[in-house]
Amino acid sequence: MSHLLRKPNKKEIEKGVIVVHEVTSENSPLEYVGFKVIDLDPNAKYSELLGNQECCIVALTGKINVSVGDENFKNLGTRESVFEKIPTDSVYVSNQRHFEVEGVTKARVALCYSPSERQLPTKWIKAENVGIEHRGILNNKRFVHNILPDSDPSANSLLVVEVFTESGNWSSYPPHKHDRDNLPNESLLEETYYHEMDPPQGFVFQRVYTDDRSLDETMTVENGDVVIVPKGYHPVGVPDGYTSYYLNVMAGPKRIWKFYNDPDHEWILKR
Ligand SMILES: O=C[C@H](O)[C@@H](O)[C@H](O)CC(=O)O
């Protein structure tokens with residue numbers, strides 16, 4: 001199995017709190033991006049004191065209460081399944097802050113991390129304020145919920161977006177990369193993909209590759225898997241009959257999303 005592919009690895013760290021994924025700089029090739037998926041039973045609590053990291057808490061499914069210091073956000077979350085295709089609530093938490101997430105219902109929560117040394121205000125990113133963007137034509141159509149885009153100055157280095165790709169379409173396509181700190185042509189952003197499939201027995205193919213093919217991994221990615229993108233192009237193809245969801249976390253030395261398309265495939269944009 002590719003070293004970039006992570007299957008769910010559930011660990012109950014305390015009653016009703018299950019860590020499904022944990023990607024860190026210690027257990028991955030990533031230096032900037034960290035990522036966790038947590039399942040919470042009703043009334044179960046997960047808490048953390050952040051060091052020099054910021055965190056975006058995404059209510060993937062179910063309802064949660066979030067407290068950050070003396071700020072409390074109640075009944076966050078808008079959906080029982082990501083495939084309701086409606087934006088959800090998130091909370092931005094800055095460095096050196098303590099947060100707690102409590103399950104109101106059974107809930108799945110994504111914790112998206114990146115470096116932060118300049119403490120910023122805690123922010124409830126309300127579902128109704130999440131920008132929706134339709135991209136692509138023909139079989140390259142997908143739509144995006146921009147949870148924490150680079151146009152939102154609420155974070156120091158973190159970018160968070162969720163992407164829906166319908167049956168028979170491709171996304172993160174034409175293949176693009178952002179692995180060079182070379183603005184204005186390209187920014188350097190590491191990335192993680194948290195994937196879900198509808199129906200759940202589905203799969204997508206994701207390739208992660210570099211121009212010199214020193215890295216060239218093509219993965220069969222299933223429901224609940226995580227793909228790590230330290231560098232390179234990273235297209236996703238969705239088989240007929242299935243809908244793909246993924247949550248992207250990106251971070252790097254500069255909080256700008258400027259990607260570079262693979263010249264071999266950029267022609268498809270000119271159809
Ligand atoms: O770089 C960002 C990720 O590859 C995805 O968020 C991608 O941009 C989604 C898409 O536009 O197809």
Side-chain angles (χ1 to χ4, degrees), residues 4-5 23 30 32-33 35 56 58 60 82 85 87-88 90 110 112 114 125 130-152 155 157-197 204-211 215 217-219 221 225-239 242-262 265-271:
L4 300 180
L5 179 63
V23 177
L30 303 181
Y32 292 92
V33 168
F35 183 65
C56 184
V58 181
L60 285 172
V82 298
K85 300 177 190 172
T88 189
S90 302
C112 314
S114 66
I125 303 169
V130 172
I132 299 173
E133 187 186 342
H134 290 268
R135 296 176 183 162
I137 57 172
L138 302 171
N139 293 106
N140 185 207
K141 289 194 286 295
R142 66 280 191 201
F143 73 92
V144 170
H145 293 161
N146 283 304
I147 296 170
L148 202 48
D150 59 4
S151 56
D152 177 345
S157 64
L158 193 57
L159 298 167
V160 182
V161 62
E162 57 186 13
V163 182
F164 297 84
T165 311
E166 299 292 353
S167 165
N169 280 265
W170 289 72
S171 57
S172 302
Y173 186 81
H176 68 234
K177 71 180 183 70
H178 32 71
D179 60 13
R180 284 188 306 158
D181 189 359
N182 181 32
L183 289 172
N185 306 308
E186 184 178 351
S187 59
L188 193 165
L189 295 171
E190 298 174 341
E191 188 163 17
T192 57
Y193 280 67
Y194 164 70
H195 288 266
E196 291 198 15
M197 294 301 306
V204 295
F205 293 126
Q206 184 161 23
R207 184 185 180 192
V208 179
Y209 68 99
T210 53
D211 287 313
L215 175 65
E217 304 275 337
T218 299
M219 295 159 268
V221 184
D225 289 355
V226 165
V227 171
I228 294 163
V229 185
K231 59 182 177 179
Y233 304 98
H234 39 275
V236 174
V238 185
Y242 290 88
T243 302
S244 151
Y245 166 90
Y246 49 79
L247 177 76
N248 288 134
V249 182
M250 291 180 273
K254 299 183 181 76
R255 190 167 176 262
I256 296 171
W257 182 50
K258 182 71 176 94
F259 57 83
Y260 172 81
N261 288 320
D262 184 338
H265 305 287
E266 200 166 29
W267 65 268
I268 74 143
L269 296 175
K270 301 178 177 77
R271 295 172 297 168

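The structure displayed is predicted, hence computed values, not measured ones. Indexing begins at 1, ligand by ligand and atom by atom, following the structure's order. All heavy atoms count here, side chains included; hydrogens, waters and symmetry mates do not.
Annotation: the span from Leu4 atom CG to Lys231 atom NZ amounts to 10.0 Å, rounded to 0.5 Å.
For ligand 1, none of its N or O atoms has an N or O atom of Ser171 under 3.5 Å away. Among the atoms of His176, some N or O lies under 3.5 angstrom from an N or O of ligand 1.
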Kindly determine whether Glu186 and Lys177 satisfy salt bridge (charged side-chain N to carboxylate O under 4.0 Å, His left out), including the steps that lead there.
CA-CA 8 Å; Glu186 184 178 351; Lys177 71 180 183 70; 2.8 Å; yes
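Residues Asp262 and Tyr209 bring a donor and an acceptor atom of their side chains to less than 3.5 Å of each other. Tyr233 and Asp179 share no donor-acceptor pair across their side chains, judged by distance under 3.5 Å alone.
Residue contacts with ligand 1: Trp170 is excluded, as none of its non-hydrogen atoms falls under 4.0 Å.
Contacts with ligand 1 closer than 4.0 Å are made by no heavy atom of Tyr233, backbone or side chain. Of the heavy atoms in Trp257, only side-chain atoms (C-beta onward) come closer than 4.0 Å to ligand 1. Counting heavy atoms closer than 4.0 Å to ligand 1, residue Phe164 contributes nothing at all.
Note on ring orientation: taking the six-membered ring where Trp is involved, the planes of Tyr246 and Tyr193 are tilted (angle from 30° to 60°).
Nearest to atom 7 (C) of ligand 1 among the protein's heavy atoms is Ser172 OG, 3.5 Å. For atom 2 (C) of ligand 1, the nearest protein heavy atom (residue, atom name, distance) is Glu191 OE2, 3.2 Å. The protein non-hydrogen atom at the shortest distance from atom 6 (O) of ligand 1 is Asn248 OD1, 2.7 Å. Of the protein's heavy atoms, Arg135 NH1, 2.6 Å lies nearest to atom 11 (O) of ligand 1.
No donor-acceptor pair under 3.5 Å is formed between the side chain of His134 and the backbone N or O of Ile132. Looking only at distances, a side-chain donor or acceptor of Ser187 sits under 3.5 Å from a matching main-chain atom of Lys258.
Counting the atoms of ligand 1 from 1 in the order shown, those under 4.0 Å from a heavy atom of Val163 are 6 (O), 9 (C).
At a threshold of 4.5 Å between non-hydrogen side-chain atoms, the residues Val163 and Asn248 count as touching.
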